[in-house]
There are 2 protein chains.
Amino acid sequence: MKFKVALLGTGNVAWHLAPALEEAGHTVTEVYGRDLDKVQQVTNRLYTAEAKTDLDFSDSEAEIFILAVSDQAISELADEVILPEGSILVHTSGSVSLDILGYSSASYIGIFYPLQTFTKNRELSFEDVPFLLESEDATTLQKLKKLAKSLSPHQYIVKSKDRMALHVAAVFASNFSNHMLRLAEEIMARKGLDYEMLKPLIIETISKSLELGAKKAQTGPAVRTDLNTLETHYQFLNYNEQVAEIYRLISQDIIDSY
Amino acid sequence: MKFKVALLGTGNVAWHLAPALEEAGHTVTEVYGRDLDKVQQVTNRLYTAEAKTDLDFSDSEAEIFILAVSDQAISELADEVILPEGSILVHTSGSVSLDILGYSSASYIGIFYPLQTFTKNRELSFEDVPFLLESEDATTLQKLKKLAKSLSPHQYIVKSKDRMALHVAAVFASNFSNHMLRLAEEIMARKGLDYEMLKPLIIETISKSLELGAKKAQTGPAVRTDLNTLETHYQFLNYNEQVAEIYRLISQDIIDSY
């Protein structure tokens with residue numbers, strides 16, 4: 001089943017999603033954004049797609065309209081966009097509920113949330129993108145499922161209330177684990193040490209964690225309740241109070257959870 | 001250059017290191033531990049190696065003695081072990097200084113620190129283990145370098161004072177990033193959500209972070225200073241004060257560092 005899809009948004013998700021939709025055989029009819037340059041950065045990645053800076057889609061041939069914009073912008077765009085009869089409007093956010101689309105001119109609404117970290121200009125295969133879907137309309141949900149299935153082997157139906165828990169978990173799993181690497185990079189840089197030394201450890205840590213589960217995979221001074229080492233490390237970090245406190249708090253949480 | 005090596009210790013490091021030494025062509029002469037059962041768990045992985053529960057190595061044919069024990073145990077064992085003339089004693093710890101071996105009966109001392117996370121019964125290739133080496137004696141350092149090189153392509157010479165910074169960085173990069181995955185697992189489990197959903201995100205996060213650097217790779221509500229989402233997540237976590245505080249503190253640190 002091939003769809004005609006319009007994309008609203010020019011950020012990381014739209015940038016990746018647009019060509020992936022075409023490659024899967026769908027037609028991207030229009031790409032909308034306020035800034036024409038940014039719209040064209042996306043349409044340049046496509047065979048046919050109108051670059052659009054106004055929100056009147058009443059003549060659009062698209063059936064599915066994907067709002068791939070920042071969480072803050074969803075509500076206003078949903079309220080203002082003029083959609084044709086029978087259209088489906090979805091957003092791609094992990095933390096915004098379905099209801100927010102309820103005041104739009106769409107006939108059907110849903111969620112089409114790609115659970116992945118997107119960065120422009122970095123290649124990413126949609127095979128590695130689980131899609132989290134939601135709609136109260138069964139036919140709409142079927143269509144979203146088919147659209148997702150054409151992009152990725154992983155689709156899940158997740159209700160708005162669970163999607164929030166999932167997004168919090170994703171922040172820990174992705175943003176916070178990445179920030180731990182950032183702090184490690186900075187500690188190394190501060191002493192002129194080569195960050196390359198740590199890379200095999202990081203790769204093995206994550207691979208072991210995904211295989212055995214994080215609880216079983218844990219090593220280090222906190223899980224051994226090695227208070228001497230913890231205290232020495234804490235003192236070492238006293239040049240940055242906030243980072244020292246992060247060290248203390250996470251170590252405490254590790255100690256408490258074994 | 002092939003060495004005769006004795007191993008003191010029966011933990012994760014000794015368990016992995018012993019057969020790797022043999023595979024690289026060295027001879028493991030003895031394995032020492034207080035608990036004979038545990039010693040035999042290691043010697044059973046070896047062709048020839050005496051299982052030893054006493055610390056008199058005066059008749060040992062080994063030249064290099066590797067203390068692969070917990071940080072707390074290093075000092076006492078180093079003081080008590082009786083070593084033959086000309087022997088080199090090294091420990092494998094990331095957080096204990098070289099000086100601690102200074103009162104031993106060894107002729108030469110050094111550090112032989114494999115920077116990796118070891119778990120018994122999990123296969124690990126020593127190709128992925130950087131060795132951090134230290135000795136004040138140039139010949140000893142050369143020998144440690146040759147020993148490390150026979151096991152892994154990655155060797156670094158790192159002084160005790162820098163090794164401490166490195167170990168703190170390793171705690172962030174490994175133990176703390178793993179704990180972030182643990183917290184994600186628990187949030188998912190609490191809502192009966194499938195952790196599998198998050199795995200592609202985790203793999204892409206780490207791979208992107210190692211490729212672009214963690215600063216450039218960061219995404220999510222904190223780096224966007226999306227205070228609404230941060231507040232909603234913080235409220236969501238109010239069932240566990242400590243985890244909520246971890247959320248708040250790391251988010252703040254991300255905000256402050258962009």
Side-chain angles (χ1 to χ4, degrees), chain A residues 71 95 115-117 119 122 128-130 156 162 164-166 168-185 187-188 191 193 197-202 204-206 208-210 213-215 217-222 226 229 233 236-237 242 245-246 249-250 253-254, chain B residues 71 95 115-117 119 122 128-130 156 162 164-166 168-185 187-188 191 193 197-202 204-206 208-210 213-215 217-222 226 229 233 236-237 242 245-246 249-250 253-254:
Chain A
D71 292 0
S95 45
L115 177 58
Q116 192 43 284
T117 170
T119 301
R122 177 180 162 82
D128 300 322
V129 180
Y156 301 88
D162 288 337
M164 146 82 103
L166 203 141
V168 179
V171 167
F172 279 95
S174 173
N175 311 150
F176 288 2
S177 65
N178 182 62
H179 193 60
M180 295 303 109
L181 302 193
R182 168 104 190 260
L183 294 176
E185 278 181 31
I187 293 163
M188 297 291 277
K191 292 282 178 182
L193 292 165
M197 280 192 256
L198 286 177
K199 289 188 175 177
L201 171 68
I202 294 165
E204 168 66 8
T205 296
I206 302 304
K208 185 167 75 168
S209 185
L210 294 180
K215 182 171 186 177
Q218 191 59 287
T219 57
D226 175 351
T229 298
H233 287 183
F236 170 85
L237 292 166
Q242 191 158 274
E245 180 57 15
I246 288 173
L249 196 59
I250 298 177
D253 201 56
I254 294 173
Chain B
D71 292 0
S95 45
L115 177 57
Q116 191 45 283
T117 170
T119 301
R122 177 179 162 82
D128 300 322
V129 180
Y156 302 87
D162 289 337
M164 146 81 104
L166 202 142
V168 178
V171 167
F172 279 94
S174 173
N175 311 150
F176 288 2
S177 65
N178 182 62
H179 193 61
M180 295 303 109
L181 302 193
R182 168 105 190 258
L183 294 175
E185 278 182 31
I187 293 164
M188 297 293 278
K191 292 281 178 183
L193 293 164
M197 279 194 256
L198 287 177
K199 289 188 175 178
L201 171 68
I202 293 165
E204 169 66 7
T205 295
I206 302 303
K208 186 166 75 168
S209 185
L210 294 180
K215 182 170 187 176
Q218 191 59 288
T219 58
D226 176 352
T229 299
H233 287 184
F236 170 85
L237 292 167
Q242 191 159 275
E245 181 57 15
I246 288 173
L249 196 59
I250 298 177
D253 202 56
I254 295 173

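Worth knowing before you read on, the calculation uses all heavy atoms, side chains too, and leaves out hydrogens, waters and symmetry mates. What you are looking at is a predicted structure, and each value in this text was computed from that prediction instead of being measured. Letters go in sequence order (proteins before strands), and every chain restarts at 1.
In this structure, CD1 on B/Ile202 lies 10.5 Å from OG on B/Ser177, to the nearest 0.5 angstrom.
With a 4.5 angstrom heavy-atom cutoff, A/Ile246 touches chain B via backbone and side-chain atoms both. With a 4.5 Å cut-off on non-hydrogen atoms, A/Val168 touches chain B through its backbone and its side chain both. With a 4.5 angstrom heavy-atom cutoff, A/Thr219 touches chain B via backbone and side-chain atoms both. With a threshold of 4.5 angstrom between heavy atoms, A/Asp253 approaches chain B through its backbone and through its side chain. With a threshold of 4.5 angstrom between heavy atoms, A/Phe176 approaches chain B through its backbone and through its side chain. Proximity to chain A (any heavy atom under 4.5 Å) is shown, for B/Thr117, by both the backbone and the side chain.
A side-chain donor-acceptor contact under 3.5 Å links A/Asn178 and B/Ser209.
The side chain to side chain contact (heavy atoms under 4.5 Å, CB included) test applied to B/Lys199 returns A/Leu210, B/Tyr195, B/Glu196, not counting sequence neighbours. With sequence neighbours excluded, the residues that form a ring pair (Phe, Tyr, Trp, His ring centres under 6.0 Å) with B/His233 are A/His167, B/Tyr247.
Heavy-atom pairs under 4.5 Å with chain B were tallied for A/Leu166, A/Asp128, A/Thr229; the largest tally goes to A/Leu166. Interface check for chain B: of the options A/Asp71, A/Val129, A/Leu237, A/Asp226, the most heavy-atom pairs under 4.5 Å are formed by A/Asp226. Interface summary for chain B: among A/Glu185, A/Met164, A/Arg182, A/Met188, the most heavy-atom pairs under 4.5 angstrom belong to A/Arg182.
Between the side chain of A/Ser174 and the backbone N or O of A/Val171 there is no donor-acceptor pair closer than 3.5 Å. Remark: side-chain polar atoms of B/Gln218 are paired, donor with acceptor, to backbone N or O of A/Asn175 under 3.5 angstrom.
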